[in-house]
Amino acid sequence: MIFKQRKFNVIVISVMSATLFCAVIVLSSLSSLANTGPNANEFGSTGMWTAIGGILIIYFIPLLLYGIGVPAMKYVMAVLCGGGILTSVPIVGISALMLSSSNDTVMLYSVIIVGFSLIIVNIAWFFFAFPSEKNENSHTTQV
């Protein structure tokens with residue numbers, strides 16, 4: 001029973017992470033970050049939709065396999081989750097640096113808030129996916 005609950009929690013927080021990651025992409029394409037270089041995605045462009053589709057595929061294939069019962073996918077998802085953190089930190093940092101020189105402060109604040117939320121959710125994912133033995137033992141004795 002505890003294993004099913006843990007599995008459900010990992011799936012829910014992974015979906016939250018995927019949603020926030022897609023939101024960061026969309027908000028970045030709406031902000032002044034879209035004007036930072038030739039490879040930046042503008043809102044509604046093919047590049048933006050390709051990035052969102054790629055993120056969803058990268059999230060949901062391992063998540064589907066984990067949901068089916070391949071426990072090794074948890075480690076693949078951990079690597080991807082770490083990559084999500086490493087991707088989010090520069091986005092938040094660049095957005096914060098651009099605040100002083102941009103007229104688009106509302107969108108940049110939105111990117112920063114959603115980016116921080118993504119970082120927090122991805123860190124929390126590790127606690128849900130790999131609970132400590134102390135937490136494991138306290139749950140089993142209560143049931």
Side-chain angles (χ1 to χ4, degrees), residues 1-99 102-140 142-143:
M1 185 67 165
I2 293 173
F3 176 73
K4 285 185 180 182
Q5 182 63 40
R6 186 178 335 127
K7 190 178 197 180
F8 176 77
N9 290 343
V10 169
I11 290 171
V12 167
I13 201 157
S14 296
V15 170
M16 287 173 53
S17 178
T19 303
L20 286 170
F21 209 128
C22 290
V24 166
I25 291 170
V26 170
L27 289 171
S28 295
S29 71
L30 286 169
S31 72
S32 54
L33 289 172
N35 303 324
T36 57
N39 296 325
N41 295 328
E42 294 181 7
F43 182 74
S45 69
T46 306
M48 184 196 84
W49 290 111
T50 303
I52 289 173
I55 293 299
L56 292 176
I57 289 170
I58 287 171
Y59 267 89
F60 287 118
I61 289 176
L63 188 59
L64 179 67
L65 292 172
Y66 176 72
I68 290 172
V70 181
M73 283 298 118
K74 183 166 58 171
Y75 299 101
V76 172
M77 292 177 358
V79 170
L80 296 173
C81 194
I85 294 170
L86 291 175
T87 303
S88 301
V89 169
I91 291 172
V92 169
I94 291 169
S95 298
L97 288 174
M98 290 182 70
L99 277 173
S102 177
N103 301 350
D104 196 15
T105 57
V106 172
M107 290 310 297
L108 288 173
Y109 277 122
S110 300
V111 172
I112 292 169
I113 290 168
V114 174
F116 266 131
S117 300
L118 177 60
I119 292 167
I120 291 167
V121 166
N122 281 345
I123 291 170
W125 183 93
F126 285 99
F127 290 102
F128 281 101
F130 304 105
S132 68
E133 287 186 28
K134 179 181 174 186
N135 289 341
E136 282 286 309
N137 293 334
S138 67
H139 287 303
T140 56
Q142 292 176 353
V143 174

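Excluded from the calculations below are hydrogen atoms, water molecules and symmetry mates; all remaining heavy atoms, backbone and side chain alike, are included.
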Decide if atom CZ of Phe8 counts as having more than 12 heavy atoms of other residues, nucleotides or ligands within a radius under 6.0 Å.
no
Just wondering, are more than 12 heavy atoms of other shown residues or ligands nearer than 6.0 Å to CZ in Phe60?
yes
Just say parallel, tilted or perpendicular for the rings of Trp125 and Phe130, cut-offs at 30° and 60°.
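Ring orientation, 0 to 90° scale: perpendicular.
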Atom pair [atom1] ([X]) and [atom2] ([Y]), whose distance is rounded to the nearest 0.5 Å:
| X | Y | atom1 | atom2 | result |
| --- | --- | --- | --- | --- |
| Asn9 | Lys4 | CG | NZ | 14.0 Å |
| Ile119 | Leu86 | CD1 | CG | 9.5 Å |
| Leu27 | Cys22 | CG | SG | 11.0 Å |
| Ile52 | Ile57 | CD1 | CD1 | 12.0 Å |
| Met98 | Asn103 | CE | CG | 10.5 Å |
| Phe126 | Met77 | CZ | CE | 10.0 Å |

Residues that Tyr66 engages under side-chain hydrogen bond (donor to acceptor under 3.5 Å, both in side chains), provided they are two or more places apart:
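If we apply the side-chain hydrogen bond (donor to acceptor under 3.5 Å, both in side chains) test to Tyr66, skipping adjacent residues, there are no hits.
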Which residues pass the side-chain hydrogen bond (donor to acceptor under 3.5 Å, both in side chains) test with Ser17, not counting sequence neighbours?
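Listed in chain order: Tyr59, Asn122.
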Decide yes or no on side chain to side chain contact (heavy atoms under 4.5 Å, CB included) for Ile112 and Leu99, but give the supporting numbers first.
CA-CA 10 Å; Ile112 292 169; Leu99 277 173; 3.7 Å; yes
State, yes or no, whether a side-chain contact exists between [X] and [Y] at a heavy-atom distance under 4.5 Å.
| X | Y | result |
| --- | --- | --- |
| Leu63 | Val15 | yes |
| Val76 | Leu65 | no |
| Ser29 | Ile25 | no |
| Phe21 | Ile58 | no |

Report the C-alpha distance between Val24 and Ser88 in whole Å, list the side-chain angles of each, state the deciding distance to 0.1 Å, and finish with yes or no for side chain to side chain contact (heavy atoms under 4.5 Å, CB included).
CA-CA 8 Å; Val24 166; Ser88 301; 5.7 Å; no
Show the nearest heavy-atom pair for residues Met107 and Ser31, with the distance to one decimal.
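Met107 and Ser31 have their closest heavy atoms at CB-CB, 3.7 Å.
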For Ser32, does its backbone N or O pair with a side-chain atom of Asp104 as donor and acceptor, under 3.5 Å?
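Looks like yes, one N/O pair under 3.5 Å.
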